[in-house]
Amino acid sequence: MTPADAHVPHPAGLRWGAAAVLGAAILWGTTGTAASLAPGVGPLAMGAAALGIGGILQALIAFPLIARERAALRSGALVVLAGAAAVAIYPLAFYSSMRLAGVAVGTVVSLGSAPIISGLLELWIEGRRPRRSWAAAAALGILSCALLSAATALAGPPGGATAGGAAGGGTASTLVGVGLGLVAGGTYALYSWCVRRLIGRGIGRPAAMGAVFGLGGLALMPVLVATGAPILSGGQPLAVTAYMALIPMFLGYLLFGYGLARVPASTATTLTLAEPAVATVLAVVIVGERLPALGWLGIAGIGISLGILALAPRRAPRRAARQSGPRPPRRAARRAAQRA
């Protein structure tokens with residue numbers, strides 16, 4: 001049993017944790033539509049500003065708690081540094097993947113690969129086998145994301161632009177974008193696992209999130225300085241960047257950290273498969289993109305997979321409680337009753 005599993009969470013806590021992660025995914029789903037309002041800001045600048053500033057803000061509000069738990073954080077320095085490195089790499093890879101391979105493909109590869117990598121991390125490092133409900137939900141969610149991606153690619157963006165806004169539009173550009181999407185998925189899974197690991201060691205959620213995202217945000221500042229000039233070119237790019245940093249990244253990751261303290265990292269990354277569904281609906285409603293029936297089928301599949309995860313935690317604690325205690329000696333009890 002790992003430290004994170006030393007106690008069985010209450011079903012209500014699991015449900016609130018899942019709801020918080022879903023709330024974060026909904027906020028993250030607005031980033032594509034928001035970024036489209038600042039086309040002159042490059043992916044490196046947008047990623048560095050959004051997660052860099054958001055991460056530093058998390059560290060600032062949690063600074064007293066970080067100082068109080070500095071000894072515990074120092075003992076888990078390798079986990080903190082691994083998580084911070086993943087935080088710094090993730091937005092650069094994620095936004096670049098969307099720029100090169102298109103929003104649909106980049107988002108699906110990044111978010112679709114994260115639950116698989118999270119499950120492998122928990123199996124490899126902690127020896128924790130994923131539940132059947134998680135495997136079913138992850139498989140259905142990833143398949144549904146693939147359907148959504150295919151439908152978005154077939155529909156194409158309005159006005160005849162390159163699908164998904166890919167810069168090059170060629171095979172080589174798409175392949176590089178897919179590779180960066182896998183890097184984004186891996187780093188997303190890694191920092192989720194690192195934060196969950198720190199919380200499992202008894203470190204408070206704000207301190208764990210603040211330390212990991214604060215260091216990662218600081219590492220992104222040189223990238224922001226080098227690439228962020230277009231952000232200051234006008235009021236709209238500045239407003240979009242401020243929204244990205246404060247709402248999806250700062251508030252969204254506060255919700256994500258709350259959820260990570262209550263559900264496994266593999267479950268959290270699977271729940272965030274809601275993000276591409278939200279992003280697609282916003283693109284249809286606000287940006288005016290078209291979505292074929294195949295895409296709506298993909299959104300429905302994502303909804304079903306999230307429903308599986310929402311219902312599964314209610315049964316998990318009971319099952320864990322039954323497995324944690326000794327089984328009653330039924331045969332011995334029956335024999336004693338017969339003798340009496």
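Position 1 is the first residue of the sequence; numbering continues from there. Heavy atoms only: backbone and side chains are in, while hydrogens, waters and symmetry mates are out.
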How close do [X] and [Y] get, heavy atom to heavy atom, and via which atoms?
X	Y	answer
I56	G214	CG1-O, 4.3 Å
G83	V212	C-CG1, 3.5 Å
G47	L220	O-CD1, 4.4 Å
A35	M244	CB-CE, 4.4 Å
G228	A45	CA-CB, 4.0 Å
L198	G76	CD2-O, 4.2 Å

Might you work through the side chain to side chain contact (heavy atoms under 4.5 Å, CB included) test for Q58 and L254, ending with a clear yes or no? CA-CA 8 Å; Q58 286 202 51; L254 286 180; 4.0 Å; yes
Are [X] and [Y] connected in the hydrophobic side-chain network, where two residues link if heavy atoms are under 4.5 Å apart?
X	Y	answer
V80	L218	yes
L37	L232	yes
L44	L51	yes
I89	V225	no
V195	I66	yes

I'd like to check [X] versus [Y] (side-chain heavy atoms, cut-off strictly below 4.5 Å). Are they in contact?
X	Y	value
L180	F94	no
L57	L246	yes
I61	F250	yes
L255	V21	no
V278	E275	no

Please confirm whether R262 makes a cation-pi placement over Y258, using NZ or CZ under 6.0 Å from the six-membered ring centre and within 45° of the ring normal.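 Cation-pi check for R262 and Y258: passes.
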Can you tell me if [X] uses its side chain to pair, donor with acceptor, with the backbone of [Y] under 3.5 Å?
X	Y	answer
S192	Y188	yes
T30	L27	yes
R196	L260	yes
S96	P43	no

[X] [atom1] to [Y] [atom2] distance, which is reported to the nearest 0.5 Å:
X	Y	atom1	atom2	answer
M209	I203	CE	CD1	13.5 Å
S75	E69	OG	CD	10.0 Å
T241	Q236	OG1	CD	10.5 Å
T31	I247	OG1	CD1	13.0 Å
T272	I26	OG1	CD1	12.0 Å
M46	L224	CE	CG	10.5 Å

Step by step, work out the side chain to side chain contact (heavy atoms under 4.5 Å, CB included) result for R201 and V79. CA-CA 11 Å; R201 290 182 175 182; V79 178; 4.0 Å; yes
Y90/L190 under side chain to side chain contact (heavy atoms under 4.5 Å, CB included): CA gap, chis, key distance, verdict: CA-CA 10 Å; Y90 169 74; L190 179 57; over 6 Å; no
Under 6.0 Å between ring centres, would you say that holds for W28 and F256? yes
Inspect the surroundings of CZ in F63 and state if more than 12 heavy atoms from other residues, nucleotides or ligands are less than 6.0 Å away.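 Not buried by this count: 12 neighbours or fewer within 6.0 Å.
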Residues Y253 and Y191: side-chain donor-acceptor under 3.5 angstrom: yes
Step-by-step side chain to side chain contact (heavy atoms under 4.5 Å, CB included) determination, V41 to V240: CA-CA 10 Å; V41 180; V240 169; over 6 Å; no
